[in-house]
Amino acid sequence: MSENQTEPNVASLSVADRLAAEALIVDVDGFEGPLDLLLTLSRTQKVDLRKVSVLQLARQYLAFVEKASALRLELAADYLVMAAWLAFLKSRLLLPPDPTEAGPSGEEMAAHLAYQLERLQAMRDAAARLMARDRLGRDFFARGIPEGVERVRRVRYTATLLDLMQGYARIRTRDEFRPFVMDRDAVYTMEEALGRMRGLLGFAGQWTDISSWLPDGWDDDPAKWRSATASTFAASLELVKEGHAELRQTDNFAPIELRKTDRKSGKAND
Amino acid sequence: MTDDDDLTPGAAAEGDEPEASLFEAPPMDEQERMVEAILFASAEPVSVRELLSRMPHGSEPVEALRLLKQRYQGRGVTLQRVGEAWAMRTAPDLGYLMQKETVETRKLSRAAIETLVIIAYHQPVTRAEIEEIRGVSVSRGTVDQLLEMEWIRFGRRKMTPGRPVTFVVTESFLDHFGLENARDLPGLKDLRAAGLLENRPPPGMTSLGGSNDEEDDSADQSELFGD
Amino acid sequence: MTDDDDLTPGAAAEGDEPEASLFEAPPMDEQERMVEAILFASAEPVSVRELLSRMPHGSEPVEALRLLKQRYQGRGVTLQRVGEAWAMRTAPDLGYLMQKETVETRKLSRAAIETLVIIAYHQPVTRAEIEEIRGVSVSRGTVDQLLEMEWIRFGRRKMTPGRPVTFVVTESFLDHFGLENARDLPGLKDLRAAGLLENRPPPGMTSLGGSNDEEDDSADQSELFGD
């Protein structure tokens with residue numbers, strides 16, 4: 001439908017318009033989209049944007065697109081979408097309103113387009129004013145030798161109760177799992193027992209309970225007592241074997257007694 | 001100079017505790033010296049909060065700033081408010097003496113300038129809204145460039161479908177253009193009065209939740225530019 | 001402040017022509033503003049010659065410097081001579097404002113935790129005893145750190161040869177860990193129940209050593225915290 005209507009319109013463009021359109025075609029890449037192009041076109045109307053004739057603008061735009069396609073310029077899809085929309089708008093504006101048709105009226109659509117153009121222009125004016133302001137590093141300046149703020153870092157250490165507990169657990173478990181070594185202080189060796197008994201044997205003319213042969217300080221702690229007793233008994237057996245002593249036990253679990261051998265005699269008991 | 005009302009004690013209260021200090025605060029003229037030294041030393045604006053944290057307990061930097069601003073009135077260096085912060089800057093009329101210090105700012109493309117301005121005047125604004133205003137899609141590079149220059153940053157998401165991110169301008173944008181705050185943008189009031197800062201939906205779109213959008217916007221804007 | 005004599009007109013004469021200029025030089029207070037702005041914005045100290053070259057014809061920077069120096073006397077910023085040049089510097093007595101203290105919270109090292117926990121469980125305990133329990137020597141730094149944090153302190157000397165000092169935990173240690181007294185520290189059994197001691201001890205070892213130890217502990221502790 002736009003075909004038929006745009007044809008005569010192209011012809012009706014003023015010379016000035018046509019020159020403008022041609023100029024535009026040359027820098028088509030320079031436009032920031034269809035709205036920018038429309039804004040530029042509207043300037044040729046030399047009117048307040050609020051009074052711009054959207055119908056005329058639509059014609060100019062469509063003519064521009066027409067021209068561009070005639071010159072085989074590749075127009076971005078945006079431009080073509082806008083062209084289609086403007087063609088639709090134009091038809092709405094030209095034809096009497098159809099009460100059965102839903103949607104906004106041509107006037108509403110035109111008003112919105114005018115608003116968009118005005119808003120874009122307003123932003124451009126604002127941009128010009130903003131960029132013309134005094135600017136830092138061009139018109140006013142910051143301190144040239146800033147004195148940096150020295151960061152003083154203070155470290156605060158923290159720990160939680162859980163950290164403590166884990167630390168304690170770590171220490172305790174480490175103790176429990178150190179490589180196994182015999183705890184020597186609780187062990188009375190047979191060599192020690194033998195040495196001690198050889199020295200004392202000369203005084204043992206009478207039967208004496210071997211528990212009295214235990215060294216001092218080894219009878220209060222059960223572990224030490226056990227060790228000393230065992231070693232003393234083993235040492236006694238060794239002395240008997242060597243023939244220096246004899247042992248006897250009068251009954252089961254009775255004390256084991258020992259004395260040195262003066263004369264040749266057998267063991268008292270088993 | 002017109003915003004001395006911003007320096008009322010009320011404005012200070014926000015950041016600090018309503019102290020009954022154990023230590024006596026230094027005399028006000030000493031506090032003024034302190035603020036002077038801190039601002040002088042920094043090339044960047046210094047916030048009131050930062051001043052408070054660096055000055056002795058019980059100090060009133062806002063009052064000190066007020067006095068200092070008076071003292072530097074008309075001098076070669078002036079006290080300039082930048083958003084929530086303050087900076088010392090040379091007087092703009094002496095810019096011609098400073099050719100040596102002039103820094104060549106990267107030339108911004110027209111697209112970048114327009115995008116920046118739309119963000120400044122419409123903030124917080126979504127990418128879709130910027131595109132709607134410019135009538136063309138916003139290239140990623142443009143936004144990246146502005147973000148990199150630290151003139152814009154992301155604002156909070158909009159409460160509309162898809163929760164799109166918004167853009168707002170930064171303190172260093174204000175600093176660069178010598179603006180005390182975003183309300184001081186040239187012509188902002190007129191533009192708003194003319195209805196040119198509305199996010200007016202195309203006709204026929206209204207029923208689609210466009211009106212909701214508008215409510216959000218005006219709420220956001222009045223929060224930011226509110227006066 | 002002691003070098004005001006450098007700012008006598010004589011010193012200025014060296015660099016510039018004593019001409020009766022065609023253009024009228026700006027008023028002195030304007031020149032003062034200019035010097036102020038130039039010194040403020042310059043990235044390095046500025047010589048009188050440089051000031052002359054940047055200021056309008058007929059200006060007298062030396063006089064302007066003298067006035068400016070007076071103006072900044074006693075302020076938070078001072079005008080200082082740096083070799084042959086001039087610069088603005090923050091007043092030396094306000095140097096402390098140029099520091100910003102940040103507090104960083106860090107976890108106590110494993111060595112420190114172990115030392116601390118041994119002191120807590122075995123107090124009063126000598127350094128030699130700590131080393132014996134930990135199986136490694138205790139570094140001076142670790143003990144100093146704990147002393148500095150005020151989590152441990154010196155207890156009385158032990159009545160053993162050499163009368164070594166002992167360490168005990170402090171009130172603030174108890175405070176920090178929410179303990180009423182050191183006896184509230186969980187025992188080995190509690191730790192095991194809580195799964196902190198997962199591995200089973202060799203059979204027969206714990207019942208003996210463990211219980212003894214714990215008895216020892218409480219004996220030691222009651223000596224200190226006794227009630």
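The shown structure was predicted, so the numbers you read here are calculated from the model rather than taken from an experiment. Chain naming here is simple, since letters A, B, ... match the order of the sequence lines and numbering starts at 1 in each.
- When heavy atoms are compared at a cutoff of 4.5 Å, Tyr96(B) does not approach chain A at all.
- Between Arg33(B) and Glu30(B), at least one side-chain N (NZ, or NE/NH1/NH2) sits under 4.0 Å from a carboxylate O, which counts as a salt bridge.
- A salt bridge links Asp36(A) with Arg110(B): the closest approach of a Lys/Arg side-chain nitrogen to an acidic carboxylate oxygen falls below 4.0 angstrom.
- The candidate with the highest count of non-hydrogen atom pairs below 4.5 Å against chain B, out of Ser105(A), Ala122(A), Ala127(A), is Ala127(A).
- Residue Arg133(A) touches chain B through its side chain alone, counting heavy-atom pairs closer than 4.5 Å.
- Between chain B and the residues Leu35(A), Leu39(A), Leu113(A), the largest count of heavy-atom pairs under 4.5 Å involves Leu35(A).
- Ranked by heavy-atom pairs under 4.5 Å with chain B, the list Glu118(A), Arg124(A), Met109(A) is led by Arg124(A).
- Counted by atom type alone, Ser172(B) and Asp175(B) present zero donor-acceptor pairs between their side chains at under 3.5 Å.
- Ion pair Glu36(B)/Arg75(B) not flagged as a salt bridge, since none of the NZ, NE, NH1 or NH2 atoms sits closer than 4.0 Å to an Asp/Glu carboxylate oxygen.
- Among Gly137(A), Gly33(A), Pro146(A), the residue making the largest number of heavy-atom pairs under 4.5 Å with chain B is Gly137(A).
- Contacts between Ile133(B) and chain A at a heavy-atom distance below 4.5 Å involve backbone atoms as well as side-chain atoms.
- Between chain A and the options Gly95(B), Pro92(B), Gly135(B), heavy-atom pairs under 4.5 Å are most frequent for Pro92(B).
- Looking at Arg119(A), both its backbone and its side chain come within 4.5 Å of chain B, counting heavy atoms on both sides.
- His122(B) places none of its side-chain heavy atoms less than 4.5 Å from the side chain of Glu129(B).
- Classification of Arg92(A) and Glu108(A) as a salt-bridged pair fails, no side-chain N sitting under 4.0 Å from a carboxylate O.
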